[in-house]
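A short write-up of the structure that comes next.
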Amino acid sequence: MSRRPVVPPFRLVASALAAAALLTTAACSDDGAATTAADTAADQARAAERNIAEQAPTGSPTGSPTGSPTGSATASPSALTESGAKAALLTETDLEGGWNQVRDAGKWRDSMLIGQVDVAQFLTGKADASDCQELVDGLYGEDLLGKPSGASALTGFQQGDSRLLEQVAAYDRAALDDRLKWMASLPQKCDQFTLDGSGGGERTVQVTEVPVPEVGDARQGLHVTVRGDADGGPATLSLMVTAVRVGDSAVTVTGGGLDGDQKDSVEQATQAGAERLRTVLDGGTPSPQPTDLD
């Protein structure tokens, strides 16, 4: 036995309306007036059918919002809180190579970064020199991305004479993207320059770009070498600094010292740090949790 085709309910209603309209018109009309009234009624019936068709559900099979195959809109990362920033910080477990977490990381400063850029060396004048001064000042003050607009937290690790510092903070999105673009311009603007130290000694600074693990929403990395005198003898300070944006927040990792830039450890810290921050912003809790060293 063949099955009758299913007629959509809205078409049945529309047909009934059309039939009723025609019958009513025929009953109340005569001769020539009947034809005009019938045409009008037919038009009204067609309009009713269109209205019902337009009101009929046309949604997707899953009932999902447009562009969301899972039935829910894609969640945006939440705003970073003070507790979230602390939870996102790295732990000793996230790092390899015997790094020990320290209490006074926020007080770390390297005297080889203190000085004034020699403007006379710049063919393009004071503009590029100002960028290079901002770079060394930002490395010294640990605020290369500028002042956070919200929550922030910081931790540090030490391995011999090498240090690794991580900062997690919330920023204004536009300002943060501008700072990442600014960082990308530094290897060309500040490829090599002279820093005049407070004691009269000169230091040679070189800046190059370094690749950053493919994490976060945007990222940038720099390698900075400072050659000069320290403690009465020649010394070379090597630093690798990475910055990764995740939503409106960022992870900044700076590693190195007189023993080298600790490239492998910085890359590992960048990867783990960005993943921990993403977990926090998505409402989760990364494991393990940082040790409270305050």
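Just the heavy atoms: all of them, side chains too, but no hydrogens, waters or symmetry mates, feed the values below.
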Going by an N to O cut-off under 4.0 Å, is there a salt bridge joining D94 and R276? yes
Could you walk me through whether L186 and W182 pass side-chain contact (heavy atoms from CB on, under 4.5 Å), step by step? CA-CA 7 Å; L186 295 178; W182 170 76; 3.9 Å; yes
Rounded to the nearest 0.5 Å, what separates atom CG in L165 from atom CD in E142? 4.5 Å
Over all heavy atoms of both residues, which pair between L90 and F157 is shortest? Give the atoms and the distance, please. O-CZ, 3.6 Å
pair Q101-T91: side-chain heavy atoms closer than 4.5 Å: no
Where do L164 and V253 land on the side-chain contact (heavy atoms from CB on, under 4.5 Å) test, with the steps shown first? CA-CA 7 Å; L164 190 148; V253 177; 4.1 Å; yes
Are any non-hydrogen side-chain atoms of T270 and V251 less than 4.5 angstrom apart? no
Evaluate the criterion side-chain contact (heavy atoms from CB on, under 4.5 Å) for residue pair V205 and V117; output intermediate values, then yes/no. CA-CA 10 Å; V205 183; V117 173; over 6 Å; no
List the steps and the verdict of side-chain hydrogen bond (donor to acceptor under 3.5 Å, both in side chains) for Q220 and R179. CA-CA 10 Å; Q220 191 60 46; R179 292 301 284 186; over 6 Å; no
Within this structure, what is the CD-OG1 distance for the pair E166 and T242, rounded to the nearest 0.5 Å? 9.0 Å
Return the OG1 to CG distance between T236 and L258, rounded to the nearest 0.5 Å. 8.0 Å
Can you give me the closest heavy-atom contact between S152 and Q167, atom names plus distance? CB-NE2, 4.4 Å
Value rounded to 0.5 Å, distance of OG in S149 from CG in D172: 6.0 Å
Carboxylate-amine/guanidinium contact K86 E82, below 4.0 Å: no
Close side-chain approach of R227 to Q206, heavy-atom, < 4.5 Å: yes
Is there a donor in the side chain of Q271 and an acceptor in the side chain of E275, or the other way round, less than 3.5 Å apart? yes
Do any N or O atoms from the side chain of S78 and from the backbone of L281 form a donor-acceptor pair under 3.5 angstrom? yes
Would you confirm whether T279, through its side chain, and P286, through its main-chain N or O, come within 3.5 Å as a donor-acceptor pair? no
Does a side-chain heavy-atom distance below 4.5 Å link V136 with V224? no
How close do A274 and V244 get, counting heavy atoms only, and between which atoms? CB-CG1, 4.1 Å
Apply salt bridge (Lys or Arg N to Asp or Glu O under 4.0 Å) to residues R278 and D217 and explain how you reach the verdict. CA-CA 10 Å; R278 176 74 74 183; D217 302 318; 2.9 Å; yes
Rounded to the nearest 0.5 Å, what separation is found between the CD atom of E209 and the CG atom of D191? 13.0 Å
Heavy-atom pair of closest approach, residues D131 and C190: C-SG, 4.2 Å
Flag, side chain of Q133 to backbone of G115, donor-acceptor distance under 3.5 Å: yes
CZ of R109 to CG of L139: how many Å apart, nearest 0.5 Å? 11.5 Å
Ignoring hydrogens, what is the shortest heavy-atom contact between R203 and M112? Give both atom names and the distance. CD-O, 3.4 Å
Using a 4.5 Å cut-off on heavy atoms from C-beta on, say whether the side chain of Q158 contacts that of N100. no
Note, L222 side chain near L135 side chain (heavy atom, < 4.5 Å): yes
Output yes when a side-chain donor or acceptor of Q121 lies under 3.5 Å from a complementary backbone atom of T194, and no otherwise. yes
So, R245 side chain and G247 main chain: donor-acceptor pair closer than 3.5 Å or not? yes
Does the side chain of S249 come within less than 4.5 Å of V168's, by heavy atoms? no
Report, as yes or no, whether the 6.0 Å neighbourhood of atom CG on D104 holds more than 12 heavy atoms from other residues, nucleotides or ligands. yes
If I compare all heavy atoms of W99 with all of S265, which pair ends up nearest, and what's the gap? NE1-OG, 3.0 Å
Step by step, work out the side-chain contact (heavy atoms from CB on, under 4.5 Å) result for V102 and W108. CA-CA 11 Å; V102 299; W108 281 347; 3.3 Å; yes
Flag the pair L80 / D248 as yes when at least one side-chain heavy-atom distance between them is below 4.5 Å, and no otherwise. no
